[in-house]
K.L.:
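This is the structure, below, for whatever I ask next.
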Protein chains: 2
Amino acid sequence: MTNTTLKLLAQQLQISISTVSRALKDHPDISAATKAKVNALAQSMDYEPNAYAIQLRTQNSKIFGVIVPAISNLFYDSFIAAVEEESRKNGYALMILQSSNKLENELDNLKIFRQNRVSGVFACLSAQAENLETYHRMTEKEIPVVFFDIVPKDNRFTKVRMADERCATIAAECIIKRNSKKVLAIFGDPGLSISQKRKAAFQAFMENYAPKVHVTYLDAKSTDEAEEIFRKQYAKVQKFDTVFAMTDEILIGVMKAIQALEIKVPKQVGVISISNGFIPNLYHPHICYVETSGYELGKLAFIQMMANLKGGKTLTELTVEAKYVAGGSM
Amino acid sequence: MTNTTLKLLAQQLQISISTVSRALKDHPDISAATKAKVNALAQSMDYEPNAYAIQLRTQNSKIFGVIVPAISNLFYDSFIAAVEEESRKNGYALMILQSSNKLENELDNLKIFRQNRVSGVFACLSAQAENLETYHRMTEKEIPVVFFDIVPKDNRFTKVRMADERCATIAAECIIKRNSKKVLAIFGDPGLSISQKRKAAFQAFMENYAPKVHVTYLDAKSTDEAEEIFRKQYAKVQKFDTVFAMTDEILIGVMKAIQALEIKVPKQVGVISISNGFIPNLYHPHICYVETSGYELGKLAFIQMMANLKGGKTLTELTVEAKYVAGGSM
DNA sequence: AATATTTTCGCAAACGTTTGATATTGTTAA
DNA sequence: TTAACAATATCAAACGTTTGCGAAAATATT
């Protein structure tokens, strides 16, 4: 079954292709009568413009590429949902690819994006080394790139991310307010800048405003590591009274240990984390958390993308604010 | 900055466009020497074939469309992950759109897919009325459609879904093996066919193989309802010794109650659910569950798609088998 | 040495659309 | 009546590929 084309419509109506094209897009050059006829026929033959021919002609694909480490991720899929929502409103479609945190996949994905001449790319860096070279080539070819969440240090790029330092500071504040004496603070992969930033901010705040509180800083790269760390630390003589989990992954590990050891929250141990809220609300009592909303981040990223597309360069790093959500765990 | 094209390469090398094209795809007509020269130049000018020109010429977009109710969903994103993985291996990219369970969006998405001449569509019906008309038009235009999870009754389509009845049966089996005397079984929205199927299968099995076990059947449309139901039932004099949760949503509610009431699992109450495994593994001990893997379903759907694309029609309804995953909760 | 065969390459059309330039009308003003 | 002007519609080129067909050059066969 062959697709309906402008040519076909033109033949049927015995008029030229260009007239059909213009009629369909309500061009003022075309009379109302002709427009009516054309639209009617297009409707009945259910004509669908060929996006590829259009892109070839106009050099504008109206497609955004999105690279995330994993689609199956509470944070990223709310980000995607937001970007998708806005894109739809603006006539763009999304091409989503996952890097699985592998540089190889990330490069493959970028190639696909280039070959499809995407109008722009939303990228979350994979944990491995930064391959900014490729991204530079894209921006040079006037394909805007908006980095989100895990962003490069390079200041020539547009970036949006959570206010990571602020998140950590808010958490620290809560811990101090609670009058904690001994704290276990577990951070994520120390190779990631996000971990470094959060840890630095947390540490600075604690040392500034509560120098007498004893804090143990440790890193966990996985849920299992986090559980392990918690168990080991809790086995010590002088137990901590509050635990801080930098990510959902870590929180899950912590909570497994807490359940296994039958520790009472918040009586024996207070818990606070940074999260988008889904995981913390799975438990009883609800875990207190500083909210980082992928959804908000998505909206912001989209705004930046459009700004980039419209005007000139907007080489700034924007952050979305964090807020504390109280649960029963502190 | 203008993109590198075949024409540009041809001009540089003073040979024809077709020779360049053929050299790049290792056509036997072209000499090794020429191929080497072409490849070298293409490399250094980082030539990227224009996917749109190719599609226009070849009438093959190498893109699959995917419609899901929501991307932010544990089940669907594992489905997407699987399809994406396979697609990548086979040189296809994915265009993912969400319907948010709205017919309007679903139709919009299909239009985008048609305009982009996708090679095929993976579709999960939105909860609202079935608009099979549109899907028919696609298959008529030789765009294969593979329905997944929530599938139409119409037998002219290719469908893959979970073995819903079997899941419930396996769970029932476990409950009987455990020697339960009194069971609380909580099912999802009774309006959904999936709930009906699972409940019918579960009930039939229990009545057949363990008629003396007392089962209380209740429905919960949300996490909160599930928690409420659990609390109410647990307050009764003769307590149940096992609880069955049909979905993750329900399991979360149940577990909240269990944690709040400080009930020991599995000593005081055994827990079993149907899930993809993420939620059950959040707790200690891990909750036993019958696995419904979006991942497996994705793999199966992809196979069906390729079969559809290659050979003729494969108008069958395939299901992916469920398997029991033991935790410490039974 | 002349013909036949293979190897290597170029020509040109086609895919479906958009758009600047141009042609054909009908209408108005002089 | 004719020049001037809208209004309407058409021509043709271009976007970047692929590919059947034919041409030239190189090699092999008599």
Side-chain angles (χ1 to χ4, degrees), chain A residues 1-39 41-42 45-63 91 111-112 114-119 141-142, chain B residues 1-39 41-42 45-63 91 114-119 141-142:
Chain A
M1 179 117 187
T2 160
N3 269 315
T4 311
T5 67
L6 289 185
K7 193 200 279 186
L8 225 66
L9 294 177
Q11 283 173 343
Q12 290 272 329
L13 293 168
Q14 296 283 35
I15 57 179
S16 81
I17 296 180
S18 34
T19 303
V20 176
S21 171
R22 291 192 166 100
L24 249 18
K25 37 177 36 84
D26 209 24
H27 190 101
D29 267 12
I30 308 297
S31 71
T34 312
K35 279 179 191 167
K37 263 189 294 185
V38 171
N39 279 310
L41 186 64
M45 295 184 64
D46 53 52
Y47 167 74
E48 297 278 0
N50 184 320
Y52 292 84
I54 294 175
Q55 131 74 18
L56 187 57
R57 177 59 227 238
T58 63
Q59 307 283 41
N60 183 1
S61 67
K62 286 265 178 183
I63 290 184
K111 178 183 281 188
I112 293 178
R114 286 195 306 270
Q115 296 189 351
N116 281 285
R117 304 296 191 265
V118 292
S119 302
K141 291 196 177 170
E142 320 221 307
Chain B
M1 178 115 188
T2 160
N3 269 315
T4 310
T5 68
L6 289 185
K7 193 199 282 186
L8 226 65
L9 295 178
Q11 283 172 344
Q12 290 273 331
L13 294 168
Q14 295 284 36
I15 57 178
S16 80
I17 296 181
S18 36
T19 302
V20 176
S21 171
R22 290 191 170 101
L24 249 18
K25 37 176 39 79
D26 209 24
H27 190 101
D29 267 13
I30 308 298
S31 70
T34 312
K35 279 179 190 167
K37 264 190 292 183
V38 171
N39 279 310
L41 187 64
M45 295 184 64
D46 53 49
Y47 167 74
E48 297 279 0
N50 184 320
Y52 291 85
I54 294 175
Q55 130 75 17
L56 188 57
R57 175 61 224 237
T58 62
Q59 306 285 41
N60 183 3
S61 67
K62 286 267 178 180
I63 290 183
R114 286 195 305 271
Q115 295 189 353
N116 280 284
R117 303 294 192 270
V118 292
S119 302
K141 290 197 178 169
E142 319 222 307

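Computed from heavy atoms alone, side chains included, the values below leave out hydrogens, waters and symmetry copies. Small disclaimer: the values here were computed from a predicted structure and weren't measured. Reminder, nothing fancy here: chain letters follow the sequence lines and each chain counts from 1.
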K.L.:
Look at the side chain of A:Leu56 and decide which nucleotide, out of D:dC15, D:dT19, C:dT8, has an atom nearest to it.
P.N.:
D:dC15

K.L.:
For the side chain of A:Thr58 and the backbone of A:Ile54, is there at least one donor-acceptor N/O pair under 3.5 Å apart?
P.N.:
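Side chain of A:Thr58 to backbone of A:Ile54: a pair is present.
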
K.L.:
Which is more 5' along DNA chain C, the nucleotide nearest A:Lys25 or the one nearest B:Lys35? Just name the residue.
P.N.:
B:Lys35

K.L.:
Please state whether the phosphate of C:dG16, meaning OP1 or OP2, lies under 4.0 angstrom from any side-chain nitrogen or oxygen of B:Gln59.
P.N.:
yes

K.L.:
Any side-chain donor-acceptor pair under 3.5 Å between B:Asn60 and B:Ser119?
P.N.:
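Judged by distance alone, the side chains do pair up.
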
K.L.:
Looking at B:Ser18, does any N or O in its side chain come under 4.0 Å of the phosphate oxygens OP1/OP2 on C:dC9?
P.N.:
no

K.L.:
Taking OP1 and OP2 of C:dC9, is either one under 4.0 Å from a side-chain nitrogen or oxygen of B:Ser31?
P.N.:
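So the side-chain polar atoms of B:Ser31 do come within 4.0 Å of the phosphate oxygens OP1 or OP2 of C:dC9, strictly under.
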
K.L.:
What nucleic acid atoms does A:Asn50 come within less than 4.0 Å of, heavy atoms only: base, sugar-phosphate, or nothing?
P.N.:
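Here A:Asn50 touches the backbone only, sparing every base.
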
K.L.:
How do A:Asp29 and A:Ala53 order along DNA chain C: which one's closest nucleotide is nearer the 5' end?
P.N.:
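Its nearest nucleotide being more 5', the pick is A:Ala53.
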
K.L.:
OP1 or OP2 of C:dG10 versus the side-chain N and O atoms of B:Ser16: is any pair under 4.0 Å?
P.N.:
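For C:dG10, OP1 or OP2 has a side-chain N or O of B:Ser16 closer than 4.0 Å.
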
K.L.:
Can you figure out which of C:dC9, C:dG16, D:dT17 approaches the side chain of A:Thr5 most closely?
P.N.:
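Closest nucleotide to the A:Thr5 side chain: C:dG16.
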
K.L.:
For B:Lys7 and D:dC15, is the shortest distance between a side-chain N/O and OP1 or OP2 below 4.0 Å?
P.N.:
yes

K.L.:
Going by the rule side-chain hydrogen bond (donor to acceptor under 3.5 Å, both in side chains), which residues pair with B:Arg117 if we only count those two or more places apart in sequence or in a different chain?
P.N.:
none

K.L.:
Could you check how far CD of B:Gln55 sits from P of D:dG16, rounded to whole Å?
P.N.:
16 Å

K.L.:
Specify the residue among B:Ile54 and A:Val20 whose closest nucleotide of DNA chain D lies further upstream toward the 5′ end.
P.N.:
A:Val20

K.L.:
Between D:dT17, D:dC21, C:dT17, which nucleotide gets closest to the side-chain atoms of B:Arg22?
P.N.:
D:dC21

K.L.:
Nearest to the side chain of B:Ser21, which nucleotide is it out of C:dT17, C:dC9, D:dT19?
P.N.:
D:dT19

K.L.:
List the atom pairs, with distances to 0.1 Å, where a side-chain N or O of residues 22-32 of chain A and a protein N or O form a donor-acceptor pair under 3.5 Å, not counting sequence neighbours.
P.N.:
{"unit_1": "A:Asp26", "atom_1": "OD1", "unit_2": "A:Lys35", "atom_2": "NZ", "d": "3.1"}
{"unit_1": "A:Ser31", "atom_1": "OG", "unit_2": "A:Thr34", "atom_2": "N", "d": "3.3"}
{"unit_1": "A:Ser31", "atom_1": "OG", "unit_2": "A:Thr34", "atom_2": "OG1", "d": "2.8"}

